[in-house]
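Encoded as C-alpha cells, the structure appears first; notes follow it.
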Amino acid sequence: MSDIVAANRDRLLQAAVEAKAFAYAPYSKFRVGAALLTEDGEIIKGANIENASYGGTICAERTAFVKAASEGKRKFAALAVTTDVASPIAPCGMCRQVIREFCSLDMPILLAASSYMEKKDGVKELTLEELLPYSFGPEDLDRDRAPPA
Ligand code: THU
C-alpha cells in the first residue's frame with residue numbers, strides 16, 4: 001500500500017461511512033457510501049441516489065467519481081465503499097468500468113463491512129485489476145486498428 005493510502009486509510013473508510021448517511025434509497029433501502037482519495041490527499045464522498053424510474057439510479061461510487069471529475073479531480077490513490085451489510089460488498093459492473101476510466105489497475109479498493117466504525121475491522125482490500133480483470137480502458141482506443149471496410 002502506498003504511503004498516502006496508509007496515512008489516510010482510516011479517514012477514507014470513515015468518510016465512506018459518513019457518505020452512506022446521505023444515501024437516497026427509498027426503493028431498495030440498500031444504502032451505499034463511497035469515498036475517493038485523491039493523489040493530493042483530498043477526500044470526495046458519494047452516496048447512492050435512487051430514482052422513481054429505477055433506471056435513473058446512480059450508485060455511490062459513480063456519484064463520487066462524477067463529483068470529483070466534474071471539479072477537475074481525476075487522479076486517485078484509493079476508493080472505499082461500505083453498505084449496511086455485515087460482510088464487504090463489491091462495486092457493481094458499471095461502477096467498475098467507471099473506476100477503470102480514472103484509476104490505475106493497481107489502485108486499492110477498500111470494501112468495508114457495516115461494523116467498520118465499531119470494530120475498525122472487516123475491510124477487504126482488492127486492486128482494480130482483481131475486481132475487473134481483462135478490462136477495456138481509455139488506452140485501448142489508441143491502438144492501431146484496421147480501417148473500416
Ligand atoms: N449500489 C451502489 O450504490 N453501488 C454498487 O456498486 C451496487 C449498487 C446501489 C444502487 C441502488 O441504489 C442500490 O445499491 C441497490 O442496487
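We count ligands from 1, going down the list as the structure has it; atoms in each ligand are counted the same way.
The existence of a salt bridge linking Asp84 and Lys20 is confirmed by a sub-4.0 Å separation between a basic side-chain nitrogen and an acidic carboxylate oxygen. For Arg9 and Glu125, the salt-bridge test passes: some basic side-chain N is under 4.0 Å from an acidic carboxylate O. Between Glu61 and Arg100, none of the side-chain N atoms (NZ, or NE/NH1/NH2) sits under 4.0 Å from a carboxylate O, so this pair counts as no salt bridge.
Leu37 and Phe102 fall into different hydrophobic clusters, defined by Ile, Leu, Val, Met, Phe, Trp and Tyr side-chain heavy atoms under 4.5 Å apart, directly or through other members.
In terms of heavy atoms, Gly41 sits closest to Ile4 at N-CD1, 3.6 Å.
For ligand 1, the polar-atom distance check against Val32 finds no nitrogen or oxygen pair separated by under 3.5 Å. The N/O atoms of Glu50, backbone and side chain alike, include one that comes under 3.5 Å of an N/O atom in ligand 1.
The Thr57 neighbourhood of ligand 1 comprises atoms 10 (C), 11 (C), 12 (O), with distances under 4.0 Å to a heavy atom of that residue. If you number the atoms of ligand 1 from 1 as listed, the ones under 4.0 Å from a heavy atom of Asn48 come out as 3 (O), 9 (C), 11 (C), 12 (O), 13 (C), 14 (O).
Judged by distance alone, the side chain of Thr82 and the main-chain N or O of Val17 form no donor-acceptor pair under 3.5 Å.
The protein does not reach atom 16 (O) of ligand 1 closely, with no heavy atom under 4.0 angstrom from it.
Comparing Ala60, Gly33, Ser28 by heavy-atom distance to atom 3 (O) of ligand 1, the nearest is Ala60. Looking at Cys59, Pro91, Ala90 and measuring to atom 8 (C) of ligand 1, the nearest heavy atom belongs to Cys59.
Summary of contacts: the protein heavy atom closest to atom 4 (N) of ligand 1 is Glu61 OE1, 2.8 Å.
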